[in-house]
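Dropping the structure in here first, questions after.
Keep in mind that this is a model prediction, so the values were computed, not measured. Whatever order the structure lists them in is the order used to number ligands and atoms, beginning at 1.
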Amino acid sequence: MKQLQQRIEEHIEAISAFTATPGQGTTRLTYSPQDLQAREYIKAQMTHYGLTVREDGVGNIFGRLEGTQTDAPAVLVGSHFDSVPNGGSYDGPAGVIAGLEVAALFQENQIQPVYPLEVIAMVEEEGARFAGGLMGSRAMLGILDEQQFTHLQDKDGITTIQAMEQAGLDTSLPRIRDPRTIRAFLELHIEQGPILEEKGIPIGIVEAIVGLAQLEITVQGQAGHAGTTPMDRRADALVAAAGIIAALPGIAVETGDGSVITTGKLNVWPGGANVIPDKVVFTVDLRSGREENVQTLIRRTEELAASCEKGGITVSVQQQLYMKPKAMNTHIRSLLREKSEQLGITHCPINSGAGHDAMVFADVTDVGMLFIPSRNGLSHCPEEWSDAADIARAVQIFYETIKSLTEV
Ligand code: HGY
Ligand code: MN
Ligand code: MN
Ligand code: MN
């Protein structure tokens, strides 16, 4: 196990060096120079482990180990390798590394799986560069429209296609993959919460992933002079936005089911200290384990926004992402449980409050997820840390599970 754990620690150290904010966490935006560094490392490791490497039309990376039945659908195992701004070293890469090391175990044991095995490293799961998130998996499964690539822009006005071309990636490659070529999708991910650590359990077998939506709210007012405009004659976009944002947590609490609402991004124009803001754009990330409550949260947010339209203020709400809650595949969950027990690894069922690429694959194939503990429950911050020994445990469980999955 030590050797496996050591390799995992080396991968983590290598990939976490590819950040635009050294010393302040991981910032690895899609198609950035840091993406390209991580991409080269991942592809080199795939080659080192004897995998056939390819990329698709949005830059997802695949490392394929042929099965004895080459035309059979493949078992995909991996995660994403982009990050949030100033995030951690494990959110995403832990799953990609697990995929690499599962493939290494097949090679080391000179076992050729029946179904081909594909290690997958996906782009833009976080949506930190191009709004919405889950872009790599949604593009692959054909659920993104063309506008996402030709019109949606990052904060510098660059579209996905332009960013790929600037990064030297081949935009002519096929984006969409026929889901009939996929037997299953397995993802190891850090829990990003406190439950496993508090329970002292190294492995969580995910049962379901929360439903979520991401909205972008634009508040339009009237710019003016901060000194000469009387208080009763202002259409201050920032005051109106602040009123909406301050009321959002109450909407989540009212559902009573642990729903959550977050405003993570906000921009103010024109941004002068002595100018009344005329425009504010901010995000609303809302989640619930129950789809009807995701709908309620959206409706209540839209009603709240509409109620602020007075005195020269107008408000528009744009939905950028909507995902229903997703259940993981029961057969795969029972295999993960069975193999954990055979390996003597303590495990427990757990639900995911974070969104994952697995929720996209869940509509087209059998999906399974494992979680490992996050120290102090922290994630999406430089303090994020998980134990390579737990990643090694997940690798062994996936290895045994995939072997069972590939028995015809
Ligand atoms: O937002 C999420 O839940 C994930 O980290 N993209
Ligand atoms: Mn993630
Ligand atoms: Mn994340
Ligand atoms: Mn995720």
Side-chain angles (χ1 to χ4, degrees), residues 12 15-16 19 25-30 35 38 42 60 77-99 120-139 144 185-196 204 206 208-216 252 258-265 283-289 294 297 319-326 328 350-362 367 369-374 377-386 391 394:
I12 291 284
I15 295 177
S16 51
T19 171
T26 298
T27 302
R28 186 164 51 245
L29 299 187
T30 297
D35 165 312
I42 292 166
N60 293 316
V77 53
S79 190
H80 62 97
F81 67 103
D82 63 308
S83 80
V84 295
N86 302 96
S89 301
Y90 297 80
D91 176 358
V96 174
I97 290 164
I120 180 170
M122 290 174 281
V123 300
E124 198 57 6
E125 187 271 350
E126 299 288 5
R129 181 168 186 183
F130 300 101
L134 301 174
M135 188 183 90
S137 47
R138 290 194 294 158
L144 277 180
F185 173 74
L186 300 177
E187 183 173 12
L188 165 68
H189 206 283
I190 55 174
E191 179 203 333
Q192 302 180 293
I195 296 168
L196 292 175
V206 178
I209 301 177
V210 71
L212 58 91
Q214 281 198 2
L215 311 176
E216 182 178 83
S259 295
V260 289
I261 287 191
T262 311
T263 288
K265 287 168 80 171
T283 58
V284 177
D285 174 307
L286 50 87
R287 310 186 186 203
S288 169
V294 177
L297 294 171
Q319 188 171 297
Q320 293 181 325
L321 178 67
Y322 180 85
M323 295 297 288
K324 296 179 182 175
K326 295 290 170 65
M328 298 295 99
I350 191 167
N351 285 321
S352 177
H356 298 290
D357 290 308
M359 63 200 304
V360 177
F361 284 96
V367 173
M369 278 198 89
L370 289 179
F371 276 176
I372 56 172
S374 292
L378 291 176
S379 179
H380 281 191
C381 60
E383 298 82 0
E384 183 182 279
W385 185 88
S386 287
I391 298 174

*What N/O/S atom of H189 gets nearest to the Mn ion (ligand 2)?*
NE2
*Looking at H380, which atoms of ligand 1 are within less than 4.0 Å of one of its heavy atoms?*
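Those qualifying, in numeric order: 5 (O).
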*Interfacing atoms of ligand 1 (cut-off 4.0 Å, heavy-atom, E126)*: 4 (C), 5 (O), 6 (N)
*ring pair (Phe, Tyr, Trp, His ring centres under 6.0 Å) partners for F81, two or more places apart*: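 With neighbours one apart ignored, the set is empty.
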*What do you reckon, does A354 have a nitrogen or oxygen under 3.5 Å from a nitrogen or oxygen of ligand 1?*
no
*asked:* Looking at the Mn ion (ligand 3), is there an N, O or S atom belonging to H80 that lies under 2.8 Å away from it?
replied: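 Given the 2.8 Å cut-off, H80 does not count as a ligand of the Mn ion (ligand 3).
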_If only side-chain N and O atoms count, and only distance matters, is there a donor-acceptor pair under 3.5 Å linking H380 with D91?_
yes
*Closest approach to the Mn ion (ligand 3) by D91, given as the N, O or S atom name*: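 For D91, the N, O or S atom at the smallest distance from the Mn ion (ligand 3) is OD2.
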*Under 3.5 Å between some N or O of ligand 1 and some N or O of R287?*
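For ligand 1, there is an N or O atom that lies under 3.5 Å from one belonging to R287.
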*side chain to side chain contact (heavy atoms under 4.5 Å, CB included) assessment of V210 paired with M359*: CA-CA 9 Å; V210 71; M359 63 200 304; 5.6 Å; no
_With no hydrogens and no angle check, just 3.5 Å: does a side-chain donor-acceptor pair link E191 and S374?_
no
*Applying salt bridge (Lys or Arg N to Asp or Glu O under 4.0 Å), name anything that partners R287, two or more places apart in sequence or on another chain.*
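Here the qualifying residues are D285.
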*Flag the pair V123 / D82 as yes when at least one side-chain heavy-atom distance between them is below 4.5 Å, and no otherwise.*
no
*asked:* Taking N, O or S atoms only and a limit of 2.8 Å, check whether E126 reaches the Mn ion (ligand 3).
replied: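 It does: E126 brings an N, O or S atom closer than 2.8 Å to the Mn ion (ligand 3).
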*Criterion side chain to side chain donor-acceptor pair (under 3.5 Å) against E384, the qualifying member of S16, S83, S379*: S379
_For the 3.5 Å polar cut-off, considering only N or O atoms, please tell me whether E125 and ligand 1 meet it._
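Yes: some nitrogen or oxygen of E125 is under 3.5 Å from one in ligand 1.
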